[in-house]
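Below: one structure, written as structure tokens.
Order of the sequence lines sets the chain letters (A, B, ...), proteins ahead of strands, with each chain counted from 1.
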2 protein chains.
Amino acid sequence: MANSASGEGVAERIVRVLETFGVDRTVQTASEIGRRAGLPSSTAHRLVDELVRAGILERDDERRLRLGLRLWELAQRGSTALRLRQAALPHMERVQAELREHTQLAVLEREEALFLERLSHPEAVSNITRVAGRLPLHASSSGLVLLAHADPALRERVLGSPLRAVGPGTVTDARALRRLLGEIRRTGFAAAPGSIEAVSTGVAVPLRDRGSVIAALSAVLPRDAPIAPALRALREAAAGIEAGLRAARED
Amino acid sequence: MANSASGEGVAERIVRVLETFGVDRTVQTASEIGRRAGLPSSTAHRLVDELVRAGILERDDERRLRLGLRLWELAQRGSTALRLRQAALPHMERVQAELREHTQLAVLEREEALFLERLSHPEAVSNITRVAGRLPLHASSSGLVLLAHADPALRERVLGSPLRAVGPGTVTDARALRRLLGEIRRTGFAAAPGSIEAVSTGVAVPLRDRGSVIAALSAVLPRDAPIAPALRALREAAAGIEAGLRAARED
DNA sequence: CGCCAATTCCCGTTGAACGGGAATCAATCT
DNA sequence: AGATTGATTCCCGTTCAACGGGAATTGGCG
């Protein structure tokens, strides 16, 4: 028999299992995983056992499952994300210290904004993004910057799909969004008041490497705060990071 | 046929493939991977293709392979490491700002010290550790702290195995190491001058959760610097992190 | 004890994975 | 231009590891 369910490979199935874990669901029983991944119970148990043996999953004291440290370790190695994060971190710290607000780094992944890093500030306004969290491209300042500089085909795809509102200020009209993206390209930054939460405004600038935009650097400000100082700090940091990336290439 | 090589499962084989990537080897051809993982060429290509389809590996412009962002994303979710890192990061930043030296966070994984986080300071002395890097337990201040508080069986295993010198000051004598570990338990910190590089001294303190040591927090100082200020800063940070972990449990 | 869910064990079936080998493509050298 | 080396793709017969249904077992919990 072997894999009668559908024409998918083992790796895909493993990813499905890993995807049953989430920011909100970090430990589960084998049966839960099986149910969520759509696997027969006995199959789920066998597969989970194998993943534990391989170090991809770990069992805690109660024999419940969580993602293994080994997976994290493997993922860190050599990922492009890591290099970018390493180059960006010191500059992000400076921005965070200066602004006293959350500072974030995001990249485009599978038509969404994926947050690579987030330095939170205890006194700053609330903000839902997390490391390894995702947001739709049209619903955050970082996403807007990424979308504005993305491949035109992707941009049209997003503009043509329904634009879900995340916060009260999310731009959900395709025509307005298209105009906004043009403006972001022209001015070199995005401001998204209330696009996620009513109380906050995101400000983001693009980060370039070899000419093309590879990430967005952003800060989360209180709704009514002036954006000029944040923008200056972010731009300065972006320039520093870009210089770092250029220098790193010269090794 | 199916997997004639040996009695290992698919997951183990996939991990072997992922392990061929390293900090120093982040992109490879499919054939390279196959050779290093001990797979026949055609098998390697098929497997790699599947991993790319699953998003675990990515192809760059030249069709060479690198670890995928999706893997990183999955790994971040829900790992214990992430929670610890998140709790520790702000305190580490404070230590780094105060000492102006590298600050690191390490845990015990498979009989080695695995570095979860590292804040580097541009003006500080060189230091070879990296995020997701590993060092033998006896060869770094962090490792010594972890070893001193590790399960006695593991400790004996390490003491009984050959102790490779990494730097000029690495303790390689089992008897001396045993005495040193006792002292670390007594004093509550480890100082390791030159254990990795001649020019630097590592200072590390344990990080406890529910009574047992789960990680080590360390700083890298110039060889002749006084360790007292660093020790004070590290201890203060450790206390703060431990309080944070306790508070997080109350949710 | 009775109930429910998780887990483990058993086992007959079978097709997906395997890998040897040859062909193709792409650089690089002579 | 022809030869060489290595990566990649394609083909295909073999086969056994994976599969999953089902039953038995464990373990809380009221």
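The distance between atom CD1 of B:I14 and atom P of C:dC18, rounded to the nearest whole Å, is 9 Å. Distance, A:L47 CG to D:dA18 C1': 10 Å, rounded to whole Å. Atom CG of B:L39 and atom C1' of C:dG19 are 11 Å apart (whole Å). Here the P atom of nucleotide D:dA18 and the CD atom of A:E12 are 17 Å apart, to the nearest Å.
Residues B:R59 and B:R66 fail the side-chain proximity criterion, which asks for heavy atoms closer than 4.5 Å.
A salt bridge does not link A:E58 with A:R53: every distance from a Lys NZ or Arg NE/NH1/NH2 to an Asp or Glu carboxylate oxygen is 4.0 Å or more. For the pair A:R25 and A:E32, the salt-bridge criterion is not met [side-chain N within less than 4.0 Å of a carboxylate O].
An OP1 or OP2 oxygen of D:dC19 is reached within less than 4.0 angstrom by a side-chain nitrogen or oxygen of A:R46.
With no hydrogens or angles considered, a side-chain donor-acceptor pair links A:Q28 and A:R36 at under 3.5 Å. Checking A:T29 against A:R64 by side-chain atom types alone, no donor-acceptor pair falls below 3.5 Å.
Atom CD of B:E117 is separated from atom CG of B:L89 by 5.5 Å, given to the nearest 0.5 angstrom.
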#### Entry: Base versus backbone protein contacts along nucleotides 3-11 of chain D [heavy-atom cut-off under 4.0 Å; B, S, -]
----SBBB-

